[in-house]
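Following: one structure in structure tokens, then a few remarks.
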Amino acid sequence: MTTFRWYLLGLVALFVGYVALEYYRPKPIDWTPTFRNQDKIPYGTYVLYQTLPEVLDGRVQPVRLPIYNQLADDYADPAEANQADPDEPEAEELEMEESEADTAALPAPIVTAPLTALPPTERSQYVFIHSEFNVSRPDLHTLLRYVARGNTVFIAANQFSRALRDTLHFSTRTFLAQDTLGNALPSDSVTLRLLAPTLRRAAGPQFRYPLLNASTRLLNDSLGQLHPLAVDARNRIVLARCAYGHGYFYLSSVPMAFTNYFVLHPQTSNFAYAALSYLPAGRPTLWDEYQKQGREGQQSLLRVLLNHDALRVAYYLFCVGVLLFMVFEARRRQRIIPVLRPLPNNTLLFTRTVASLYRQGSNHALIAEKKIDLFLDYLRTRFQEPTSDLNDEAFRERVAQKAGIPRPQVDALLRRINFIRTAPAVSDQELLRLSKELQQFKRSSR
């Protein structure tokens, strides 16, 4: 076996070993907060989704449609369909920190139709767990009608849509620093406690979370109707109930408490179940996945590559490599474009050359003949006169009238033409005189 083959086998063995090492090595923990019901990573909601049917004593149905499409049959306003496309919810501007002055500038609250106009339907409940709750106005209008008819909605998010905050008269604020200057830095954790005595005895007196995972609070405005159900150590609301029509909104500002990591942790697992225990038992539950995964089937063609870190990095490196190849390799292989000069106009040079050939001899009969032929062609094209007989009296009279030249001048020019044609030789003076008379005739006839 040659040395080259040994090197080749060594490279193949190294490559196979590297692939095996990458495949069997422990995968790093993904700490991305996805809140998806299929993710078993720390910040997914797989555990809560699987145990929720036992907690609520009812079936749980995942939803991959906008609220308008999901509830359109019973709760959507037909006139709302002409105002916006329910399949494309518009993400409204969100703010991490608000004040009461900001709340005054929010749009007018959405007002639902009278309860008597809503059709009867089976009572159910809708659960939203995500870092942001963004819905379009048609979706929110439908959701408000859904609650007003006697259903329940549970929303756990750090940020809520502006229209919902204005409609329910509340705001949110993130507390990552002290309220007043000069105090010490806050602790890296926060303590939450339930207000209901029964739940406190069953679930536990308090729950401790990292500050970055539970930093948002719910604030009532001047017309606020939030009823606190859970607060932090400073009595700031983290879980509240808001009555709307014949139903209720349950709002939580700590969605991380419902993820796998905190649901499985012994010291914090009971908070999520205690919060969801406020939902009526025995009702069908709609679990929203549209805001986290989008409509079912609407996924990128490259989802297999983008879902794996190694394949995603390889894909990006490939794109960068192709771009660099196009930039540098194309510049190296491109030939220099030659400068094409336009062809020179040699007509005048050719004319001068031919004229010099005619002038080499003392006889200029050929040049005179060329000038006469051009003049006769001028008479044919300009005055439409035949030039077969220059001695015809009628011909001469017509030429004099059409050209506007006296008849004697025409007769003199034609006599000179006949003389030149019959002369054995033409001198320089005779050629020059003929040329002047022809030019004079053309200038006068214009």
Discussion item. Would you say CD of Gln267 has more than 12 non-hydrogen atoms from neighbouring residues, nucleotides or ligands within 6.0 angstrom?
Written reply: no
Discussion item. Between Thr268 and Phe262 (side chain of the first, backbone of the second, donor and acceptor by atom type, cut-off under 3.5 Å), is there such a pair?
Written reply: yes
Discussion item. Could you tell me if the side chain of Leu194 sits less than 4.5 Å from the side chain of Phe207, heavy atoms only?
Written reply: yes
Worksheet item: Measuring from Arg200:CZ to Leu195:CG, what's the distance to the nearest 0.5 Å?
Response: 7.5 Å
Worksheet entry | Derivation and outcome, side chain to side chain contact (heavy atoms under 4.5 Å, CB included), residues Asn158 and Glu132 | CA-CA 6 Å; Asn158 290 323; Glu132 300 178 358; over 6 Å; no
Worksheet item: Can you name the nearest heavy-atom pair linking Ala214 to Tyr209, along with the distance?
Response: CB-CB, 4.0 Å
Item to complete: Indicate the atoms forming the closest heavy-atom contact of Ala203 with Asn270, along with that distance.
Response: O-ND2, 3.0 Å
Worksheet item: Hey, does the Lys NZ or Arg CZ of Arg165 hover above the aromatic six-ring of Phe160, less than 6.0 Å from the centre and inside 45° of the axis?
Response: no
Worksheet item: Counting distance only, does the side-chain N/O of Ser161 pair as donor-acceptor with the main-chain N or O of Val135 below 3.5 Å?
Response: no
Item to complete: Might you work through the side chain to side chain contact (heavy atoms under 4.5 Å, CB included) test for Leu48 and Val55, ending with a clear yes or no?
Response: CA-CA 9 Å; Leu48 182 64; Val55 175; over 6 Å; no
Item to complete: Side-chain contact test, heavy atoms from C-beta onward, threshold under 4.5 Å: evaluate it for Leu431 versus Ile367 and give yes or no.
Response: yes
Worksheet item: Can you tell if the side chain of Gln125 reaches within under 4.5 Å of the side chain of Phe154, non-hydrogen atoms only?
Response: no
Worksheet item: Taking atom types as modelled and ignoring hydrogens, do the side chains of Ser124 and Tyr146 form a donor-acceptor contact shorter than 3.5 angstrom?
Response: yes
Worksheet item: Does a donor on one side chain and an acceptor on the other come within less than 3.5 Å for Asn151 and Arg145?
Response: no
Worksheet entry | Heavy-atom side-chain contact between His169 and Gln225 under 4.5 Å | no
Worksheet item: Quick one: does Thr45's side chain have a donor or acceptor within less than 3.5 Å of a partner on Arg36's backbone?
Response: yes
Discussion item. What I'd like to find out is whether the side chain of Phe175 reaches to under 4.5 Å of the side chain of Val190, using heavy atoms alone.
Written reply: no
Discussion item. Working to the nearest 0.5 angstrom, can you tell me the gap between Leu276 CG and Ile129 CD1?
Written reply: 6.0 Å
Worksheet entry | No-hydrogen, no-angle side-chain donor-acceptor test under 3.5 Å, Thr167 and Tyr244 | no
Practice prompt. Tell me, yes or no, whether the heavy-atom count around Arg380 atom CZ, taken from other residues, nucleotides or ligands under 6.0 Å, exceeds 12.
Written response: yes
Discussion item. Quick one, Phe441 and Phe375 - any side-chain contact, counting heavy atoms below 4.5 Å?
Written reply: yes
Practice prompt. Have a look at Trp287 and tell me which of Tyr126, Tyr49, Phe128 forms a side chain to side chain contact (heavy atoms under 4.5 Å, CB included) with it.
Written response: Tyr49
Response to the item:
Shortest non-hydrogen pair, Ile29 vs Pro42, comes out as CG2-CG, 3.6 Å
Worksheet item: What distance do Leu324 atom CG and Cys319 atom SG have between them, rounded to the nearest 0.5 Å?
Response: 11.0 Å
Worksheet item: With a cut-off of 6.0 Å (strictly less than), are more than 12 heavy atoms of other residues, nucleotides or ligands near OH of Tyr250?
Response: yes
Item to complete: Flag the pair Leu192 / Leu239 as yes when at least one side-chain heavy-atom distance between them is below 4.5 Å, and no otherwise.
Response: no
Worksheet, complete the sentence: Value for CD (Gln291) from CD (Glu289), rounded to nearest 0.5 Å, stands at 10.0 Å
Worksheet item: Only one of Leu264, Thr259, Leu52 clears side chain to side chain contact (heavy atoms under 4.5 Å, CB included) with Val47; which?
Response: Leu264
Worksheet item: Can you name the nearest heavy-atom pair linking Leu71 to Leu286, along with the distance?
Response: CD2-CD1, 4.2 Å
Practice prompt. Start with the C-alpha gap between Ser136 and Tyr68, add the side-chain angles, then the distance that decides, and say whether side chain to side chain donor-acceptor pair (under 3.5 Å) holds.
Written response: CA-CA 9 Å; Ser136 62; Tyr68 184 94; over 6 Å; no
Discussion item. Pair Leu251, Leu168 - check side chain to side chain contact (heavy atoms under 4.5 Å, CB included), show working.
Written reply: CA-CA 11 Å; Leu251 307 176; Leu168 300 183; 4.2 Å; yes
Fill in: CG-CG distance between Leu438 and Leu376, expressed to the nearest 0.5 angstrom
9.0 Å
Worksheet entry | Sole candidate of Thr172, Thr174, Asp232 that passes side chain to side chain donor-acceptor pair (under 3.5 Å) when paired with Arg217 | Asp232
Worksheet item: Counting only heavy atoms not in Phe383, do more than 12 fall under 6.0 Å of its CZ?
Response: yes
Fill in: From CD1 (Ile41) to OG1 (Thr34), nearest 0.5 Å
4.0 Å
Item to complete: Look at the side chain of Asp39 and the backbone N and O of Asn260, then say whether any donor-acceptor pair between them is shorter than 3.5 Å.
Response: no
Practice prompt. Establish, from distance only, whether the side-chain atoms of Tyr273 and Thr51 form a donor-acceptor pair under 3.5 Å.
Written response: yes
Worksheet item: What are the two closest heavy atoms between Ala156 and Pro255, and how far apart are they?
Response: O-CB, 3.6 Å
Worksheet entry | Lys40 atom NZ: more than 12 heavy-atom contacts under 6.0 Å | no
Fill in: Stepwise side chain to side chain contact (heavy atoms under 4.5 Å, CB included) test for Tyr278 and Thr152
CA-CA 10 Å; Tyr278 284 100; Thr152 306; over 6 Å; no
Worksheet item: More than 12 heavy atoms of other residues, nucleotides or ligands under 6.0 Å from CD of Glu385: is that the case?
Response: yes
Worksheet item: Do Leu164 and Ile155 come close enough that some side-chain heavy atom pair is under 4.5 Å?
Response: yes
Worksheet item: For Phe35, is the NZ or CZ atom of Lys292 found under 6.0 angstrom from the centre of its six-membered ring and inside 45 degrees of the ring axis?
Response: no
Item to complete: Work out which heavy atom in Gly150 is nearest to a heavy atom in Arg123; give both atom names and the distance.
Response: O-CD, 3.5 Å
Worksheet item: Quick one: does Ser445's side chain have a donor or acceptor within less than 3.5 Å of a partner on Lys442's backbone?
Response: yes
